[in-house]
Amino acid sequence: MFGFILSLLGCREHHFDKSDFVGVWQAVDGARITIKADGTCVLQGLNNSIVSMAKDTTEKLNADGSWKIINNVNNGITGGVSTGLEITYTLMNRDGKGGIEFYLSGQGFSENRPPWDLFIWKGDPDEMIKYKFVKQ
């Protein structure tokens, strides 16, 4: 019975607020997302072939945008966190707008404990390859 109660407590999801997201998030490839408390953000050097399915694998996404917390997202994995981040942006140096929905993952078997990472799937989610950003 004690183990069952502990498992239930471990499944409780963290409550996220703005302070969990504000700051600089960086990927292994050097891409950065700067999230500001005023609801704006800056995207620098994101791999555009991953975030927008562009054909040119060397093209980088650099843009100013805005962000908001979204709830009840389905990140395509069992367990995990149902909170995410929606970024809308305007492209620098040319006309165009876009959007990216980032998911959150954490540590542990269910990926539901801090520290948190922002990610999108690189290709098919069944392959479990993430384009991951870690808060600096």
Side-chain angles (χ1 to χ4, degrees):
M1 183 67 158
F2 181 73
F4 176 74
I5 292 171
L6 283 177
S7 70
L8 288 177
L9 292 174
C11 293
R12 193 173 29 179
E13 187 168 325
H14 178 83
H15 173 73
F16 294 93
D17 60 35
K18 283 179 123 178
S19 65
D20 291 308
F21 295 97
V22 172
V24 176
W25 298 75
Q26 187 163 338
V28 172
D29 67 358
R32 295 168 67 99
I33 303 171
T34 303
I35 298 177
K36 301 176 185 177
D38 67 358
T40 63
C41 62
V42 178
L43 309 175
Q44 297 171 297
L46 277 69
N47 185 327
N48 204 26
S49 68
I50 298 173
V51 297
S52 72
M53 300 301 198
K55 294 183 184 200
D56 182 355
T57 58
T58 63
E59 185 179 335
K60 302 297 181 190
L61 174 63
N62 296 292
D64 293 321
S66 60
W67 66 277
K68 68 179 181 178
I69 298 171
I70 52 176
N71 294 305
N72 301 317
V73 297
N74 178 3
N75 65 14
I77 60 174
T78 306
V81 179
S82 65
T83 301
L85 191 70
E86 181 179 81
I87 293 179
T88 55
Y89 59 85
T90 303
L91 296 172
M92 296 177 186
N93 304 325
R94 57 183 182 200
D95 292 333
K97 296 182 183 273
I100 309 167
E101 190 172 283
F102 283 92
Y103 308 115
L104 281 174
S105 65
Q107 309 306 306
F109 179 73
S110 295
E111 298 185 339
N112 62 354
R113 293 186 318 229
W116 308 108
D117 303 318
L118 288 176
F119 77 94
I120 57 175
W121 293 112
K122 182 178 178 181
D124 186 343
D126 289 339
E127 294 175 3
M128 301 294 287
I129 302 171
K130 296 176 180 179
Y131 187 38
K132 184 169 65 170
F133 292 79
V134 177
K135 194 171 185 180
Q136 303 300 295

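- To the nearest 0.5 Å, atom CD1 of residue Ile50 and atom CG of residue Leu61 are 11.5 Å apart.
- Legend: residues meeting side-chain hydrogen bond (donor to acceptor under 3.5 Å, both in side chains) with Ser19, ordered by chain and number and at least two apart, are Asp17.
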Yes or no on side-chain contact (heavy atoms from CB on, under 4.5 Å) for Phe102 and Phe133, after CA distance, side-chain angles and deciding distance?
-> CA-CA 10 Å; Phe102 283 92; Phe133 292 79; 3.9 Å; yes

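- With Ile33 as the fixed residue, the side chain to side chain contact (heavy atoms under 4.5 Å, CB included) test singles out one of Leu85, Val24, Leu46: Leu46.
- By the side chain to side chain contact (heavy atoms under 4.5 Å, CB included) test, Ile69 is found to be paired with Phe21, Trp67, Asn71, Thr83, residues two or more places apart in sequence or in another chain being considered.
- Between atom CD1 of residue Ile120 and atom NZ of residue Lys132 there is a gap of 14.0 Å, rounded to the nearest 0.5 Å.
- For the residue pair Ala27 and Tyr131, the shortest heavy atom distance occurs at CB-CE1, 4.0 Å.
- Taking hydrophobic clusters as Ile, Leu, Val, Met, Phe, Trp and Tyr residues chained together by side-chain heavy-atom distances below 4.5 Å, Val73 shares a cluster with Met128.
- Taking both residues in full, the closest heavy atoms of Ala31 and Gly45 are given as CB-O, 3.3 Å, listed atom of the first, atom of the second, then distance.
- Cluster annotation: Trp121 is connected to Ile70 through the hydrophobic network of ILVMFWY side chains, with a link wherever side-chain heavy atoms come within less than 4.5 Å.
- Between Ala63 and Thr90, the shortest heavy-atom distance links the atoms CB-O, 3.3 Å.
- Using cut-offs of 30° and 60° on the angle between ring planes, the pair Tyr103 and Phe119 is tilted.
- Taken to the nearest 0.5 Å, the CG atom of Asp117 stands 6.0 Å off from the CD atom of Gln107.
- Among all heavy-atom pairs drawn from Lys36 and Val22, the shortest one is C-CG2, 4.0 Å.
- Note that the CG atom of Leu43 and the CD1 atom of Ile35 stand 8.5 Å from one another [nearest 0.5 Å].
- Heavy-atom minimum distance, Tyr89 versus Ile100: CE2-CG1, 3.8 Å.
- Atoms OG1 and CD1, from Thr40 and Ile87 in turn, are 10.5 Å apart once rounded to the nearest 0.5 Å.
- Between the Lys68 side chain and the Thr88 main chain, no donor and acceptor come within less than 3.5 Å of each other.
- Side chain of Glu111 to backbone of Phe109: no donor-acceptor contact under 3.5 angstrom is found.
- For the pair Glu59 (side chain) and Ser49 (backbone), a donor-acceptor distance under 3.5 Å is absent.
- Here the straight-line distance linking atom CD of Gln26 with atom OG1 of Thr34 works out to 9.5 Å at 0.5 Å rounding.
- Aromatic rings from Phe16 and Trp116 are positioned such that their centres are separated by under 6.0 Å.
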